[in-house]
Structure formats: structure tokens, C-alpha cells
Amino acid sequence: MADDGGFGFLEVSVDDAAPRLLGCELVSSIGGEEVRVRIVEVEAYDQFDPASHTFRGETPRNRAMFLGAGHLYVYRSHGIHFCCNVVTGEAGIGSGVLIRGAEPVHGIDAMIRRRGRGGAELSNGPGKIGQALAADLSLSGTSLADGPIRLIRRPALSPEQVGIGVRVGISKAADLPRRFYVRGNPYVGRHHGAPGLSEG
DNA sequence: TGGACGATTGACT
DNA sequence: GTCAATCGTCCAA
């Protein structure tokens with residue numbers, strides 16, 4: 001296959017790509033320290049989704065989401081937090097997967113130092129992950145194959161391990177079941193008591 | 001050019 | 001449970 005950096009498995013619809021990212025690892029080498037986390041909760045967004053940044057077309061801000069699978073998209077939330085997305089699909093289609101929850105695998109000391117706290121508070125929310133990985137807007141559009149933050153593919157989880165629910169913190173299309181998470185993992189945020197469709 | 005809002009978090013009651 | 005922090009982006013006029 002073409003030189004896709006090994007991210008061909010993400011060149012599918014974002015609804016298919018999102019659950020495939022569960023269990024994969026993100027590795028940050030920013031600041032000379034390696035921090036590695038395992039993805040346990042994600043949300044899918046694409047160009048046809050009113051809640052997506054790309055719904056109204058490409059802008060300087062969301063340009064990274066149109067670069068195709070294997071790129072990183074970082075945006076600022078509420079002026080304070082940086083949230084990381086894995087861009088999916090082919091170039092020209094604005095789709096990506098927001099990383100909402102992850103569990104530490106390596107470099108926990110650096111994560112604790114950056115976060116100022118430990119436990120599940122290290123990385124059980126999108127802004128927390130951005131801080132733990134030292135992500136910022138300059139990383140938006142970089143490659144997940146050889147950039148400051150890299151993505152390492154892991155085998156897909158079994159269907160029983162994956163929960164599906166509604167997304168969190170949005171006001172448009174808030175009822176679409178596009179949140180995927182690892183059942184029973186402590187680094188999956190509880191949010192505002194979001195019900196989820198396949199709980200139980 | 002001005003104004004409203006956001007894919008959030010953390011502190012406080 | 002409730003609410004402030006904080007600023008770039010986007011839409012309306």
C-alpha cells in the first residue's frame with residue numbers, strides 16, 4: 001500500500017475509525033521527556049456533523065482536520081485548555097476523533113509534574129490529556145508517524161470491551177452515539193452523568 | 001467591527 | 001451542585 005505511515009486502518013469512516021483507536025497509544029516526546037498513554041475514551045466528529053468544527057468547511061483553525069488520516073489536530077477550549085484529535089479518513093474530508101480519556105503507560109512522573117495532581121485526574125478528560133502530553137496549538141497538523149506526538153497502533157479490542165454512548169459537552173447533535181470507551185476503565189471520565197446507550 | 005459562544009476544568013458552597 | 005476563568009473563532013450587521 002501507499003506510504004500512509006501505517007495509518008491505513010484509519011482511512012475509513014470516522015465512526016469505524018474511532019473504536020479502532022481504543023487501546024492505541026499516544027507518545028509525546030515534547031520537552032525531551034517521553035510520555036506514553038493508552039487511549040480509553042474517544043468521540044467521533046466529521047464534516048457532516050453540526051457539532052464538528054469542520055461542519056462549516058475548512059478554516060485556518062481546523063485546517064489540520066482536512067490533512068487526512070495520521071495527522072494531529074489540536075484546538076483550544078474555553079481559551080485555556082488544549083484538546084487533541086486524531087485526524088481520520090482521506091485528505092479533503094474534515095473528520096477526526098477527539099481523545100477524551102487515556103491511561104498512563106510511561107512517563108507518569110512527568111505527567112504528574114505537568115498536571116499538579118495524580119490518579120485518574122492525570123488524564124481522564126481532553127484538556128487534561130493535552131496538558132499531560134504538553135500539547136499546544138503549534139502541534140496542530142503535525143504527523144502522528146514522526147511528529148512530536150506519535151500514534152502507535154494496537155490490536156482492536158473485543159466488542160464486549162467497548163461501550164458506546166452520547167457525546168459530552170456539546171449543544172448540537174448532542175444525542176448522536178459517537179462516543180466510544182473502554183468499559184470499566186478508571187480513566188474514562190464520568191462527565192455529567194452522561195447516560196450512554198450501551199451501558200449495563 | 002462588535003458580540004456571543006465553546007468538543008473544559010477546577011474551586012467553592 | 002453551582003459558577004468563574006479566559007480568549008480565539010465565527011457569525012451577524
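For the numbers below, each heavy atom of this structure counts, side chains included, while hydrogens, waters and symmetry mates do not.
- Counting heavy atoms from C-beta outward, A:R20 and A:T88 have side chains that stay 4.5 Å or more apart.
- Between A:R63 and C:dT9 there is no side-chain polar atom (N or O) within less than 4.0 angstrom of OP1 or OP2.
- For A:Y75, counting side-chain heavy atoms from C-beta on, the closest listed nucleotide (C:dG8, B:dA7, B:dT8) is B:dA7.
- Contact check, A:H53 against B:dA7: a side-chain N or O comes under 4.0 Å of OP1 or OP2.
- Across the protein-nucleic acid pair, A:D49 atom CG and B:dA7 atom C1' stand 10 Å apart, rounded to whole Å.
- In this structure, the nucleotide among B:dT8, C:dA5, C:dG8 sitting nearest to the side chain of A:I80 is C:dA5.
- A:L98 is not listed as a side-chain neighbour of A:R167, based on a closest heavy-atom distance of 4.5 Å or more.
- Between A:I170 atom CD1 and B:dT8 atom P the separation is 9 Å, expressed in whole Å.
- OP1 or OP2 of B:dT8 has at least one side-chain nitrogen or oxygen of A:R100 nearer than 4.0 Å.
- Applying the 4.0 Å criterion to OP1 and OP2 of B:dA7, one finds that A:K172 has every side-chain N and O outside that range.
- Checking B:dG10, C:dT6, B:dA7 against every side-chain atom of A:Y45, the shortest atom distance belongs to B:dA7.
- Residue-to-nucleotide proximity on DNA chain C shows that, of A:H78 and A:L137, the 5′-proximal contact is made by A:H78.
- Between the side chain of A:E41 and the backbone N or O of A:G189, at least one donor-acceptor pair lies under 3.5 Å.
- When heavy atoms are screened at a 4.0 angstrom cut-off, A:R117 is found touching the sugar-phosphate backbone but no base atom.
- Of the nucleotides present, none pairs with C:dT6 by Watson-Crick or G-U wobble criteria with both distances under 3.5 Å.
- Base pairing analysis places C:dG1 opposite B:dC12; the two distances defining the Watson-Crick or G-U wobble pair are each below 3.5 Å.
- Considering only the side chain of A:P126, B:dT8 comes nearest among B:dT8, C:dC10, B:dG10.
- Straight-line distance from the CD atom of A:Q131 to the P atom of B:dT9: 10 Å, rounded to whole Å.
- Looking at heavy atoms from C-beta onward, A:Y73 lies in side-chain contact with A:N62 at the 4.5 angstrom threshold.
- Annotation: A:E90, atom CD; neighbour count of heavy atoms from other residues, nucleotides and ligands within 6.0 Å does not exceed 12.
- Summarising the geometry, the separation between CD on A:E121 and P on B:dA11 is reported as 10 Å, rounded to the nearest angstrom.
- Remark: A:R38 is not positioned above the aromatic ring of A:Y187, lacking an NZ or CZ atom under 6.0 angstrom from the ring centre and at most 45 degrees off the axis.
- Between A:T59 and C:dC10 there is a side-chain polar atom (N or O) within less than 4.0 angstrom of OP1 or OP2.
- For the OP1/OP2 pair of B:dG6 and a distance below 4.0 Å, the side-chain nitrogens and oxygens of A:S171 include at least one atom meeting the criterion.
- For A:F82 and B:dT9, the CZ to C1' distance is 14 Å, given to the nearest whole Å.
- Atom CZ of A:R61 and atom P of B:dC5 are 15 Å apart (whole Å).
- Among the nucleotides C:dC10, B:dT8, C:dG8, the one closest to any side-chain atom of A:R76 is C:dG8.
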